[in-house]
There are 2 protein chains.
Amino acid sequence: MSKKETILHAATRLFAEKGFKETSIAELSKTTGAAEGTIFYHFKNKEDIFLSILEDTRKRVIEEFDRYLEEGEFDSGLNMIESAISFYFYLAGMMEEQFLLLHRRHPHELAEVNPVCREHLEAIYNCFVNGFEQAILLGQKDGSIRTMSSKRTALIIFSMVDGLVRFKTYNLYNAGALHKEFMELCRRMLQKKQIQE
Amino acid sequence: MSKKETILHAATRLFAEKGFKETSIAELSKTTGAAEGTIFYHFKNKEDIFLSILEDTRKRVIEEFDRYLEEGEFDSGLNMIESAISFYFYLAGMMEEQFLLLHRRHPHELAEVNPVCREHLEAIYNCFVNGFEQAILLGQKDGSIRTMSSKRTALIIFSMVDGLVRFKTYNLYNAGALHKEFMELCRRMLQKKQIQE
DNA sequence: AAAAACCGGTTGAACGCTCAGTCTAAAAAC
DNA sequence: GTTTTTAGACTGAGCGTTCAACCGGTTTTT
């Protein structure tokens, strides 16, 4: 692994766990073994490191999502959105540090003044929201999902799923054990044919 | 309003909008008109200001929630949880700055090392989660809500509702218009008698 | 009644420290 | 021989916190 990559990896972890402002270049230098000068040789400033991380995250998320779409076999739209939700949970576990970073306020605040940052964030979020929407549209076509605004429902689903992941990272409660129930509740609110009890 | 209250109000806004670390005492001094020394006369340090805000927030949330419970009339558990969710949205609007603050990572990180902070946070969250759970239990008794783990469902509902509020504050999408659909989806996933379509 | 002591609140300059970023000259890696 | 990396000294700004002094009003002493 090149020195630049080493710096990027360590920065991802530090920014995710401690925050952007709370991580100093001196600390980044110490944990990577790279001199401070080396860091500024590869990146023009601290913010540039952050944007590079975001760019990598974006690439990785889209890459993983595309692979998921290729590999997956879905027998209905409802089935597809369920697996899309599961995939989100899976990815949040696989890319824990990056998701931690995305759940911080800093990227969203930066996005308000930095178009590059904004573009990365939107690309990442759109990836999931569009994925959810496609599944809903498919489900409405094949009759597994009831009729409603696909766009708005996709947004709500996304906010729900993301809310649960966030809930888990803040771990005030043990939210890890809620996955199964959560999926069941999602199914109920989406499906057309309802089980009469 | 006393100088101490002025400081507390301004700090709430600044900590919420800019973050704890990103807000300097100098800025707090300038916006309140209080000298820096005055701030440290009333609070022993910066963290003490933060904890005071959290204490006030806790009191206010519990006070408002109690009033809501007293004033409300609910004809079923399902009806009660719907109004509890609405109440959460209402309060998030009324106490926008405090909710913004609670949605930051800082209070949760502080809670991990500071028991006082932790206690405030838990009291605030328990207030809502317990409220949701009571409604679910009532609904299961009166037959409006289907049988499932009341505790876990309450947690999921909370993470969902909170996720939507958070989504709104980050405003990547226009999440304000999702309230109606969100309520409809919640009803569907909770209710016992289902509409056959 | 005048003077002195006392009080909570307030002031802003000053202190010690950390930080992002710069710079240099030399060494190592390719 | 060009690119990358090193160690560290340095700058200038910003930070939280401290502190002696000050203010206006009340109480105590003379």
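As a basis for the values below, the full set of heavy atoms in this structure was taken, side chains included, without hydrogen atoms, waters or symmetry mates.
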*Ring centroid separation B:F89 to B:F182 under 6.0 Å*: yes
*Does the separation of the ring centres of B:F167 and A:Y125 fall below 6.0 angstrom?*
no
_What's B:T23 touching, base or sugar-phosphate or nothing? Going by heavy atoms closer than 4.0 Å._
sugar-phosphate
_Whole angstrom value for the distance that separates P of D:dC15 from NZ of B:K46_ = 8 Å
Please tabulate the protein-to-nucleotide N/O contacts below 3.5 Å involving nucleotides 8-14 of chain C, giving atom names and distances.
from, atom 1, to, atom 2, distance (Å)
C:dG9, OP2, B:Y41, OH, 2.7
C:dT10, OP2, B:H42, NE2, 2.9
C:dT11, OP2, B:A35, N, 2.9
C:dT11, OP2, B:T38, OG1, 2.9
C:dG12, O6, B:G37, N, 3.4

_Ring center gap for A:H106 and A:F15 short of 6.0 angstrom_ = no
*asked:* Would you compute the distance between atom CZ of A:R166 and atom NE2 of B:H108 and round it to the nearest 0.5 angstrom?
replied: 10.5 Å
*Round to the nearest Å and state the distance from A:K30 atom NZ to D:dG8 atom C1'.*
14 Å
*Rounded distance in Å - CD1 (A:I25) to P (C:dC19)*: 10 Å
*Take the protein atom CD of A:E27 and the nucleotide atom P of C:dG21, then report the distance between them rounded to whole Å.*
16 Å
*asked:* Nearest whole Å is fine: how far is D:dA13 C1' from B:E22 CD?
replied: 17 Å
*Given atom NZ of B:K21 and atom P of C:dC17, what is their separation to the nearest angstrom?*
17 Å
*Check step by step if side chain to side chain donor-acceptor pair (under 3.5 Å) holds for B:H42 and B:D48.*
CA-CA 9 Å; B:H42 289 293; B:D48 189 34; over 6 Å; no
*Mind checking whether A:F158 and A:Y88 have parallel, tilted or perpendicular rings, split at 30° and 60°?*
perpendicular
*Rounded to the Å, how far apart are A:F40 CZ and D:dC10 P?*
19 Å
*Grab the CG-C1' distance between A:L28 and C:dC19 for me, whole Å please.*
14 Å
